[in-house]
Asks: 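Below is a structure I'd like to ask you about.
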2 protein chains.
Amino acid sequence: MDKQEQILLAALKLFVEFGFHGTPTSKIAQEAGVSNGTLFHYYKTKDELVVALYVYIKTNLSECFNISQADGETVRATFKRLYLGWMYWALENPVEFKFTQQFNSSPYQSMLSNEAIQNQTQRLISLMQEAINTRVLKPLPVELLFTLISSHLYGINEYLLASNPAAEKKDEIINQSFDILWDMIT
Amino acid sequence: MDKQEQILLAALKLFVEFGFHGTPTSKIAQEAGVSNGTLFHYYKTKDELVVALYVYIKTNLSECFNISQADGETVRATFKRLYLGWMYWALENPVEFKFTQQFNSSPYQSMLSNEAIQNQTQRLISLMQEAINTRVLKPLPVELLFTLISSHLYGINEYLLASNPAAEKKDEIINQSFDILWDMIT
DNA sequence: ATTCAGATTGACTAATCACTCCACAAAAAT
DNA sequence: ATTTTTGTGGAGTGATTAGTCAATCTGAAT
């Protein structure tokens, strides 16, 4: 019974349902089954809690797949593995994914200065840069490529969550959308 | 000196900087140069103000360009016109654009039941459906196409705001990104 | 057994919040 | 000229909030 984690999970649930502003710390403590004081024992401020939750979720996500090219793996296979890994994580964890979106387009975004998370993005970027150098990917600015890929993924995810097709149909759309993406960037 | 508009503009500025939760109505009134009472005279609740601001901005946006195929205009030209119109609006009105993003991924989203705005989306959708029927666009579900296009646009916009290239370079990237998009969907 | 550091509680507080109310001013309608 | 409606201000209110604090509990080390 890790109270710290219970608090994060309670906060996640309430933030996504009612927004940051709409969920008082007292409700978070209540939902987590701990006292007000305990919450502030672990997180000095509400802001700190919000940022900690973001880091927690992003860390979970990063443990789902390994950002590097495995031996004998083609560039396309690496990209597909990462794309699918991220996509299925987002589909299986819609609340977490929604939270990251809310966070990213909020003023809290600028309060984030977490080395580990920025490092992770950096590894994706250099993987892409390498693929540009070996002329596998189009010679576009690497950040532009990164943006194209992630916004593509966000879009498909949103569509799948909204239309909620059968599992097979879903897999088909995801594979199809990766092909479209790959055509776009190579 | 339209106080109603002053309130909306003040709210826009503060919401984007501090978030919905981080800006009290008293600060909005202060920034707008009106009294607390005046604010609540025009908007019964804070929620109502937030939604009114969204409708206000979306209405302004929709006045920037006309969602329909002009006489003698190719489908590609129509789509490019709309894409560029939206993109340049977003680049020239970053605060407004940021606000719409914040709003769309917030719980306020569900409080929106504005006919005019939903109608507008519907017109875009049917424009796309027609292009699918005439086999100009790929035979994908129309909502998927819509999502692909708008997330593409969001992504490029984010990239341009972050990297802030020279005006010519910017135009080049936008044109290039439309070509990429067009290849992707046809 | 005693000590001690961290965990946990919940009542408490000072500040802040959304929103009200009423007095009055300006304008519009009669 | 008089009434009515609408706009405006700003002090005021009760509820709510983030965050504090002193008291107790727990469990491990000595």
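Keep in mind it's a predicted model, so treat the numbers as computed, not measured. Naming: A, B, ... by sequence-line order, numbering from 1 per chain.
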Asks: Between Lys3(B) and dG9(D), does any side-chain N or O lie under 4.0 Å from OP1 or OP2?
Replies: yes

Asks: Taking the side chain of Pro24(B) as its heavy atoms from C-beta onward, which of dT8(D), dT8(C), dC17(C) lies nearest to it?
Replies: dC17(C)

Asks: Tell me the salt bridge (charged side-chain N to carboxylate O under 4.0 Å, His left out) pairs involving residues 138-162 of chain B, sequence neighbours left out?
Replies: none

Asks: Sequence neighbours left out, what pairs pass salt bridge (charged side-chain N to carboxylate O under 4.0 Å, His left out) with at least one residue falling in residues 65-86 of chain A?
Replies: Glu73(A)-Arg81(A), Arg76(A)-Asp179(A)

Asks: Distances under 3.5 Å between protein N/O atoms and the N/O atoms of nucleotides 19-28 of chain D, please, pair by pair.
Replies:
unit_1, atom_1, unit_2, atom_2, d
dG19(D), OP2, Lys46(A), N, 2.7

Asks: Donor-acceptor pairs are to be reported for all side-chain atoms of residues 15-30 of chain A against protein atoms at under 3.5 Å, with residues two or more places apart or in another chain.
Replies:
unit_1, atom_1, unit_2, atom_2, d
His21(A), NE2, Tyr108(B), OH, 3.2

Asks: Applying salt bridge (charged side-chain N to carboxylate O under 4.0 Å, His left out), which residue pairs with at least one partner in residues 95-104 of chain B are found, sequence neighbours left out?
Replies: none

Asks: Distance check needed: dT17(D) P versus Leu49(A) CG, whole Å only.
Replies: 15 Å

Asks: Counting only side-chain nitrogens and oxygens, does Tyr43(B) get under 4.0 Å of the OP1 or OP2 atom of dC19(C)?
Replies: no

Asks: Considering just the side-chain nitrogens and oxygens of His41(A), establish if one lies under 4.0 Å of OP1 or OP2 belonging to dA7(C).
Replies: yes

Asks: Side chains of Ser35(B) and Thr38(B): is there a donor and an acceptor less than 3.5 Å apart?
Replies: yes

Asks: Between the protein and nucleotides 22-25 of chain C, list the N/O to N/O atom pairs that are separated by less than 3.5 angstrom.
Replies:
none

Asks: Would you mind listing every ring pair (Phe, Tyr, Trp, His ring centres under 6.0 Å) that reaches into residues 143-170 of chain A, with sequence neighbours excluded?
Replies: Phe97(A)-Tyr154(A)

Asks: In whole angstrom, give the distance that lies between atom CZ of Phe18(A) and atom P of dT16(D).
Replies: 15 Å

Asks: Calculate the interatomic distance between Phe20(B) atom CZ and dA18(C) atom P; express it in whole Å.
Replies: 13 Å

Asks: Over 60° means perpendicular and under 30° means parallel, so classify the ring planes of Phe103(B) and Phe99(B), tilted if in between.
Replies: tilted

Asks: Hey, is the side chain of Ser35(B) poking within less than 4.0 Å of OP1 or OP2 on dG9(D), counting only N and O atoms?
Replies: yes

Asks: Can you tell me how far P of dA18(D) sits from OH of Tyr42(A), to the nearest Å?
Replies: 20 Å

Asks: If you check every side-chain atom of Val34(B), which of dT8(C), dG9(D), dG7(D) has the closest atom?
Replies: dG9(D)

Asks: Just distance, no hydrogens or angles: give the donor-acceptor pairs under 3.5 Å from side chains in residues 85-95 of chain A, sequence neighbours left out.
Replies:
unit_1, atom_1, unit_2, atom_2, d
Tyr88(A), OH, Asp171(A), OD1, 2.6
Asn93(A), ND2, Trp89(A), O, 2.8

Asks: Which residue pairs pass the salt bridge (charged side-chain N to carboxylate O under 4.0 Å, His left out) test with at least one member in residues 30-45 of chain A, sequence neighbours excluded?
Replies: Lys13(A)-Glu31(A)

Asks: What's the CG-P distance between Leu39(B) and dG7(D), to the nearest Å?
Replies: 14 Å

Asks: Is the distance from OP1 or OP2 of dT9(C) to the nearest side-chain N or O of Thr38(A) less than 4.0 Å?
Replies: yes

Asks: Figure out the CD1/P separation between Ile28(B) and dC19(C), and round it to whole Å.
Replies: 11 Å

Asks: Rounded to whole Å, how long is the line connecting atom NE2 of His21(A) with atom P of dT16(D)?
Replies: 16 Å

